[in-house]
Every structure is written in C-alpha cells, then in structure tokens.
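Single-structure report; data block below.
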Amino acid sequence: QVQLVESGGGLVQAGGSLRLSCAASGRTFSTNAMGWFRQAPGKEREFVAAISWSGSRTYYADSVKGRFTISRDNAKNTVYLQMNSLKPEDTALYYCAARREPYSGYKADDYDYWGQGTQVSVSS
C-alpha cells in the first residue's frame, strides 16, 4: 500500500508559478512510476505528467509541455510538479498517483494509488 499526500496548491495570477509536492509513504516508493493528473469542475480527470521509477523518463500532456516539469527525489520519497507560466485553464484539482510498475502510463486506470488532491487556481 502507498499513501500519497499532495501540497503546494494555491491561488496565483496568470503567468505565475507554483510547485506541487507529493509525499509518499508505505511500500517502496523508488520502484513506482508516478504521475500527476488534474480535474476541473465538470470535466474528466486528465493526464498532466508522469515520471519513471528512476526519473530517467518523463512524459507530458501537450497542453503543459514546456511549462511544467515533473521530477522526483527517491531519497525523500517525494515527487514534484514545477508549474510555470500558469494560465487560467490550468485551474483544477491536481492529483498525485502511483503505479505498481516502474514505467509510466498515461491513463488514470494505469495507476493504483491516489492522493486527495491539491487545488490550483489561476486568475486572469
């Protein structure tokens, strides 16, 4: 079992930055691929970014490519999402997810454990 706790969300103006963190506890974190998803009101949960167990492979949705960076620190059991040049359309509840596999997936069904989410709101 893996427990995930997100933090770092908040309200920011368009063009600003936020850094989300996801602290993991439980079974060995370093063997899990990790991902970030988001869900805006009235919309389906969508893939944002993912990272392999070692951090050597990263993947991004086209909508955030070049603006967001996913990284991980296995010594701290933490995965991060650096979000720059934020836009109002980035407003959503952001979820951290862990997969029982070392390599990433793009779909919510690929992931086995989920955090409770942290709210990101971007004003225009």
Side-chain angles (χ1 to χ4, degrees):
Q1 194 76 7
V2 175
Q3 293 80 42
L4 304 172
V5 178
E6 303 96 334
S7 61
L11 174 63
V12 64
Q13 288 189 331
S17 298
L18 283 174
R19 188 194 196 201
L20 305 184
S21 298
C22 173
S25 60
R27 70 188 297 271
T28 306
F29 169 79
S30 61
T31 61
N32 298 115
M34 301 294 296
W36 286 97
F37 289 74
R38 66 187 182 187
Q39 188 167 17
K43 295 188 176 181
E44 293 189 353
R45 191 170 299 190
E46 66 173 359
F47 170 78
V48 176
I51 189 166
S52 63
W53 68 279
S54 65
S56 62
R57 301 182 185 182
T58 57
Y59 309 89
Y60 297 94
D62 287 343
S63 59
V64 306
K65 202 171 292 183
R67 300 188 298 122
F68 290 12
T69 302
I70 188 171
S71 61
R72 66 190 296 162
D73 185 338
N74 286 345
K76 296 183 178 179
N77 284 2
T78 303
V79 63
Y80 305 97
L81 186 68
Q82 178 67 44
M83 305 186 296
N84 298 329
S85 302
L86 282 161
K87 305 175 181 180
E89 50 264 44
D90 294 318
T91 294
L93 188 61
Y94 282 71
Y95 295 92
C96 173
R99 191 177 189 207
R100 285 195 297 253
E101 299 288 341
Y103 294 102
S104 311
Y106 300 93
K107 300 178 295 182
D109 287 347
D110 291 335
Y111 291 82
D112 303 290
Y113 307 101
W114 293 84
Q116 294 300 306
T118 185
Q119 179 67 39
V120 172
S121 299
V122 185
S123 62
S124 56

- request: For R57 and S52, indicate whether the former's side chain and the latter's backbone hold a donor-acceptor pair under 3.5 Å.
  value: no
Lys/Arg N to Asp/Glu carboxylate O, D90 vs K87, below 4.0 Å: no
task: Could you tell me which non-hydrogen atom of Y111 sits nearest to which non-hydrogen atom of A33, and how far apart they are?
output: CE2-O, 4.2 Å
- prompt: Within the side chain of D112, is there an N or O that forms a donor-acceptor pair under 3.5 Å with the backbone of R99?
  reply: no
query: Is there a path of hydrophobic side-chain contacts, each under 4.5 Å between heavy atoms of I, L, V, M, F, W or Y residues, that connects V122 with V64?
result: yes
message: Are M34 and V120 connected into the same hydrophobic cluster when the rule is that any two of I, L, V, M, F, W, Y join if their side-chain heavy atoms are below 4.5 Å apart?
response: yes
- request: Any chance you could measure K65, atom NZ, to T58, atom OG1, to the nearest 0.5 Å?
  value: 9.5 Å
message: Check the orientation of Y94 and F68. Use parallel for under 30°, tilted for 30 to 60°, and perpendicular for over 60°.
response: tilted
message: Check whether S56 reaches the backbone of S54 with its side chain - one donor and one acceptor, N or O, closer than 3.5 Å.
response: no
field: Sidechain-backbone polar pair: E46 side chain, R38 backbone, donor-acceptor under 3.5 Å
entry: no
- prompt: Yes or no on side-chain contact (heavy atoms from CB on, under 4.5 Å) for M83 and V48, after CA distance, side-chain angles and deciding distance?
  reply: CA-CA 11 Å; M83 305 186 296; V48 176; over 6 Å; no
message: Please check: side-chain N/O of Y60 versus main-chain N/O of G66, any donor-acceptor pairing under 3.5 Å?
response: no
- request: Run the numbers on F47 and Y59 for ring pair (Phe, Tyr, Trp, His ring centres under 6.0 Å), then give the verdict.
  value: CA-CA 10 Å; F47 170 78; Y59 309 89; 7.8 Å; no
- request: Might you confirm whether atom NZ of K43 has over 12 heavy atoms from other residues, nucleotides or ligands at distances under 6.0 Å?
  value: no
- prompt: Do Q119 and T91 come within less than 4.5 Å of each other through their side chains, counting heavy atoms only?
  reply: yes
field: T31 side chain near P102 side chain, heavy-atom distance below 4.5 Å
entry: no
message: To the closest 0.5 Å, what do you measure between CG (N77) and CG (L4)?
response: 10.5 Å
- prompt: Hey, is the main chain of V5 close enough, under 3.5 Å, to the side chain of Q116 for a donor-acceptor pair?
  reply: no
message: Using only atom types and a distance under 3.5 Å, with no angle test, would you say the side chain of E6 pairs donor to acceptor with the backbone of T118?
response: no
message: With heavy-atom distances below 4.5 Å as the criterion, would you say the side chains of W36 and Y95 are in contact?
response: no
- request: Consider only side-chain heavy atoms of I, L, V, M, F, W and Y, link residues closer than 4.5 Å, and tell whether Y80 and V12 are in one cluster.
  value: no
message: Taking F37 as the starting point, is it possible to reach L20 by hopping between hydrophobic residues whose side chains are less than 4.5 Å apart?
response: no
field: Minimum heavy-atom distance N84-S17, with the two atoms named
entry: OD1-OG, 2.9 Å
query: Where do D110 and G105 come nearest, in terms of heavy atoms and distance?
result: OD2-CA, 3.3 Å
task: Measure across A98 and V2 and return the closest heavy-atom pair with its distance rounded to 0.1 Å.
output: CB-CG1, 4.4 Å
